[in-house]
Amino acid sequence: MASAPFLPPDPPHLRTGQDRIPPARPASFARIPSWVSLNRPSSVKPPHPTTTQHGQVENLHLVSLSKQGKFEQVHEFIKSMDEAGIAVSPSTYKSLFETCGEMGLLSEGRSIRGRLKNPPGFLEDCALRMYCHCGSLSDARRLFDEMPERSSFAWGIMISGYAQRGVLDKAFQLFSLLMDSGVGPNFSVYTSLLRSLVDSSCLEIGRQMHSHLIKTGSGLNASVGMAICNMYVKCGWLEGARIVFDEMAEKKAVAWTALMVGYTEANEQNDVLHLFMKMVEEGVELDEFVFSIVLKACAWLEDLRVGRQIHGHIVKLGLESDVSVGTPLVNLYVKCTCFESALLAFQKIDNPNDVSWSALISGYSQSGRVEECLKTYKSLRVMDGLLNSFIYTSIFQACSMLADINSGAQAHADAIKRGLISPLYGESALITMYSKCGNMDYASQVFGSISEPDTIAWTAIIAGYAYHGIASEALGYFRKMQDSGVRPNGVTLVAVLTACSHSSLITEAEGYLKSMNRCWNHRNLELGRIASENLLRLNPDDTAGYILLFNLCVSHEKWEEAARIRKKMMEKNLQKEVSCSWITVRGQWHRFIVGDRHHPQTKEIYAKLKQIDFPDGDSEDRSLLTEEDASCILPERRQQLLEHSERLAIAFGLLSSPSNSPVLIFKNLRACRDCHDFAKHVSRVAEREIVIRDSSRFHHFKLGQCSCGDYW
DNA sequence: CTAGGGTTAG
């Protein structure tokens with residue numbers, strides 16, 4: 001082997017069995033694998049035994065090795081070529097530099113550059129580009145400074161190198177040197193400089209570039225115009241972008257899209273729609289980019305009417321199946337809470353990608369279709385490349401709705417293995433998931449792993465402890481948050497107030513809470529009517545607005561008014577959420593609704609309820625009526641009270657779990673007072689710890705007492 | 001040279 005310098009030193013994939021390569025013989029073409037000739041420019045004729053020039057095969061082999069990243073072999077092969085007196089050709093060097101640049105192999109690139117004595121100018125440019133691609137601006141600059149003469153390419157490469165890495169001062173310094181040097185700049189210098197101006201801090205220098213271009217008149221072609229417009233968009237100066245845009249001679253869809261992106265980011269969604277209408281009027285050819293951005297604007301505005309019109313346009317153009325159009329369409333319908341339309345739009349997509357799937361999955365979780373959400377996720381797990389960190393964030397959310405620690409922890413572990421936990425987004429969702437599943441240890445572990453928690457992450461952990469009624473921890477985190485300099489928002493304060501309701505550690509917060517409480521305690525019907533009137537004017541379909549007013553009327557014994565409100569809800573087809581409770585026993589789900597008799601152990605469950613023999617509740621305090629309580633006021637509903645879902649779940653829990661373990665129940669709505677009393681009673685007579693997580697918090701019942709202190 | 005998906009509470 002060593003005596004055959006032109007042959008691959010180590011081509012294991014060529015060897016079959018004991019097949020050996022004959023020594024000391026020029027390359028056998030039968031043994032040159034097909035990939036040698038791959039990716040050759042068409043101008044280069046494929047080698048042929050009879051017409052091959054000296055060294056051509058070896059050079060080809062070298063290129064091929066480098067493209068496979070086998071640089072150890074590249075060096076060995078170069079050495080053997082040297083020994084055999086075969087030259088490495090300039091085009092091979094060019095290719096080697098390109099590969100090193102693409103793969104970021106700086107030291108390989110350096111050593112190859114080191115072999116060159118007096119290389120031709122174009123090869124120096126290639127080496128320069130290689131250094132820039134590898135991110136070594138110092139190597140690049142050294143080479144640039146040593147060049148006896150610099151082409152306009154070299155200037156462009158060096159300036160772009162600085163610009164792309166955000167070293168703006170050096171980029172512009174060099175640019176002014178170039179202006180003085182007498183070498184005319186090419187367009188790519190301008191566009192790469194403009195492209196490097198990416199935020200509002202660059203606006204001033206961007207304006208200077210713009211005026212320079214106008215003065216010299218050197219670069220006012222379409223692509224430079226586009227670059228200026230984009231620069232102004234990124235720098236947040238939409239007026240400037242608009243002026244440049246209006247002056248463009250020929251406006252293709254790209255230019256419109258760039259400006260629309262600016263408007264969406266500035267949250268000027270109506271301007272996006274106006275631009276779109278103008279495009280349609282002017283007959284601009286619409287592409288998938290235009291639709292994706294205009295659909296995003298509709299989603300923001302939750303404007304279903306316009307959204308459906310645009311959908312119609314998309315269908316006419318036959319773009320419905322395009323993944324770039326179909327995906328934002330799915331999202332539009334999700335945001336407008338039209339889940340059926342979202343699903344239909346998804347089904348029309350030809351090749352849904354991970355973004356499409358994440359739009360669908362987040363739609364499932366946002367519309368509470370938790371089981372479909374998890375089912376879809378599981379089906380994606382066995383496919384390649386369709387899961388991403390967005391999907392996992394939605395999955396964590398779904399698991400917190402289910403309060404299913406098993407699925408949740410599994411998804412968490414899975415996401416860790418795949419490296420798909422999104423910083424802050426996924427982490428905050430995990431904190432909430434573990435909190436809602438009742439495991440504050442895990443929740444705080446996740447929080448502790450975040451290097452720089454933002455407002456939302458802090459809020460998530462505070463809300464978690466508040467949810468569990470552990471005020472001291474919640475307030476401790478709130479103090480730490482303030483110390484860290486992260487600003488709380490309205491949501492944070494709601495969480496803090498929730499925590500405060502069990503503590504007088506922050507007198508101000510307590511006072512605030514008390515003042516809010518007094519309004520409810522006064523049971524001011526007149527004020528309540530005005531408030532709900534306004535609330536319902538904002539959103540006529542808001543169930544909570546009706547329910548609150550209904551409860552208020554009930555507490556004032558205004559039965560007829562209460563009935564009218566109910567009737568109105570029925571007319572508008574607004575349904576209150578069906579109350580249900582669930583429990584997991586040995587990994588199995590058991591779900592109950594009021595008066596449920598579907599469970600296979602129904603007989604035993606009702607027998608157990610009877611055995612507990614809790615007296616029919618007659619709570620005199622109607623100020624804390626929940627939605628369910630209110631319906632219990634009506635005599636025919638009173639019987640139902642005895643069969644509320646959480647009672648069924650508790651009874652089943654007592655029957656089916658070991659007598660020394662706590663019974664953990666989940667409920668989708670707030671616990672009613674009678675059932676709360678029932679749970680206290682059970683915890684005393686059965687001497688069992690009972691934990692109920694309702695829609696607002698955790699309740700830990702022990703020996704007739706509840707951790708919530710009867711406040712929830 | 002332009003696009004689409006996800007986080008906290010009541």
Side-chain angles (χ1 to χ4, degrees), chain A residues 191-192 194-195 222-231 233-234 252-262 264 287-297 299 322-332 334-335 342 345-346 349 352-363 365-366 386 388-398 400 420-433 435-436 446-447 450 453-464 466-467 481 486 488-499 501 516 544 548 670 695-697 712:
Chain A
T191 49
S192 69
L194 288 167
R195 220 180 308 146
S223 68
V224 175
M226 268 300 310
I228 295 172
C229 187
N230 277 325
M231 180 272 292
V233 165
K234 288 199 180 116
K252 293 204 174 157
V254 244
W256 293 81
T257 311
L259 196 58
M260 287 159 116
V261 167
T264 28
D287 63 11
E288 67 271 29
F289 293 94
V290 173
F291 281 111
S292 61
I293 195 78
V294 77
L295 287 169
K296 188 186 182 182
D322 189 307
V323 67
S324 314
V325 180
T327 303
L329 204 50
V330 171
N331 183 48
L332 166 76
V334 166
K335 290 284 143 62
F346 182 87
I349 301 174
N353 59 18
D354 63 315
V355 183
S356 325
W357 284 106
S358 63
L360 183 73
I361 286 181
S362 82
S365 86
Q366 280 168 33
L386 286 176
N388 61 29
S389 63
F390 286 69
I391 291 176
Y392 274 101
T393 303
S394 291
I395 295 303
F396 301 150
Q397 245 185 327
S400 38
L420 290 179
I421 297 176
S422 169
L424 297 176
Y425 284 89
E427 289 162 336
S428 298
L430 277 171
I431 293 171
T432 303
M433 181 195 84
S435 303
K436 298 227 165 168
V446 173
F447 181 82
I450 304 177
D454 64 351
T455 302
I456 292 176
W458 280 105
T459 306
I461 191 74
I462 293 169
Y467 199 64
M481 175 185 187
V486 175
N489 62 15
V491 182
T492 320
L493 285 168
V494 169
V496 169
L497 285 176
T498 310
S501 67
M516 287 175 15
L548 286 169
R670 235 179 73 175
S695 62
S696 70
R697 57 164 298 149
W712 74 98

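Keep in mind the model is a prediction, meaning the values are calculated, not measured. Chain letters run A, B, ... following the sequence lines, proteins first and then strands; every chain starts at 1.
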Calculate the interatomic distance between A:Ile450 atom CD1 and B:dT8 atom C1'; express it in whole Å. 11 Å
Determine the contact category for A:Val261: base if any of its heavy atoms lies under 4.0 Å from a base atom, sugar-phosphate if only primed atoms, P, OP1 or OP2 are that close, otherwise nothing. sugar-phosphate
Heavy atoms of A:Ala299 and A:Asn331 approach each other most closely as CB-ND2, 4.0 Å
Picking from B:dG4, B:dT2, B:dA9, the nucleotide nearest the side-chain atoms of A:Asn331 would be B:dG4
Does A:Val323 reach a base, just sugar-phosphate, or nothing at all? Heavy atoms under 4.0 Å. base
Whole angstroms only, please: what is the OH-P distance between A:Tyr425 and B:dT8? 11 Å
dist A:Ser358:OG -> A:Asn353:CG (nearest 0.5 Å) comes out at 8.0 Å
Quick one: label A:Ser389 by what it contacts on the DNA or RNA (base, sugar-phosphate, nothing), any heavy atom closer than 4.0 Å. base
At 4.0 Å (heavy atoms only), tell me whether A:Lys335 reaches a base, stays on the sugar-phosphate, or touches nothing. sugar-phosphate
Could you work out which one of B:dT7, B:dT2, B:dG4 sits closest to the side chain of A:Leu424? B:dT7
Nearest whole angstrom, please: distance from the C1' of B:dA3 to the CD of A:Glu288. 8 Å
Could one point to a donor on the side chain of A:Ser324 or the base of B:dA3 with an acceptor on the other under 3.5 Å away? yes
Sequence neighbours left out, what passes side chain to side chain donor-acceptor pair (under 3.5 Å) with A:Asn230? Give chain and number order. none
When you get a sec, tell me which of B:dA3, B:dG4, B:dT8 is the closest nucleotide to the side chain of A:Asn489? B:dT8
Describe the nucleic acid contact of A:Ile293 in one word from base, sugar-phosphate, nothing, applying a heavy-atom distance below 4.0 Å. sugar-phosphate
Measure from the side-chain heavy atoms of A:Ser292 and tell me the nearest of B:dA3, B:dT2, B:dA9. B:dA3
Between B:dT2, B:dG4, B:dA9, which nucleotide gets closest to the side-chain atoms of A:Val491? B:dA9
Any idea which heavy atoms bring A:Thr432 and A:Ala460 closest together, and the distance? OG1-CB, 3.9 Å
Could I get the full list of ring-ring contact (aromatic ring centres under 6.0 Å, His included) partners for A:Tyr425, not counting sequence neighbours? none
Spacing between A:Met260 atom CE and B:dG4 atom C1', to the nearest angstrom: 14 Å
Of the options B:dT7, B:dA3, B:dG4, whose atoms approach the side-chain atoms of A:Phe289 most closely? B:dA3
From CD of A:Gln366 across to C1' of B:dA9 the rounded distance in Å is 16 Å
Rounded to whole Å, how long is the line connecting atom CD1 of A:Ile461 with atom P of B:dA9? 12 Å
Short question: side chain of A:Thr327, backbone of A:Ser324 - any donor-acceptor pair under 3.5 Å? no
Just to be sure I understand the rule, does A:Ala463 reach a base, reach only the sugar-phosphate, or reach nothing, if contact means heavy atoms closer than 4.0 Å? sugar-phosphate
Output the rounded distance in Å from CD1 (A:Ile431) to P (B:dA9). 11 Å
Roughly how many Å is it from CD1 in A:Ile456 to C1' in B:dA9, rounded to a whole number? 11 Å
Within the 4.0 Å heavy-atom criterion, would you say A:Gln397 contacts the bases, only the backbone, or no part of the nucleic acid? sugar-phosphate
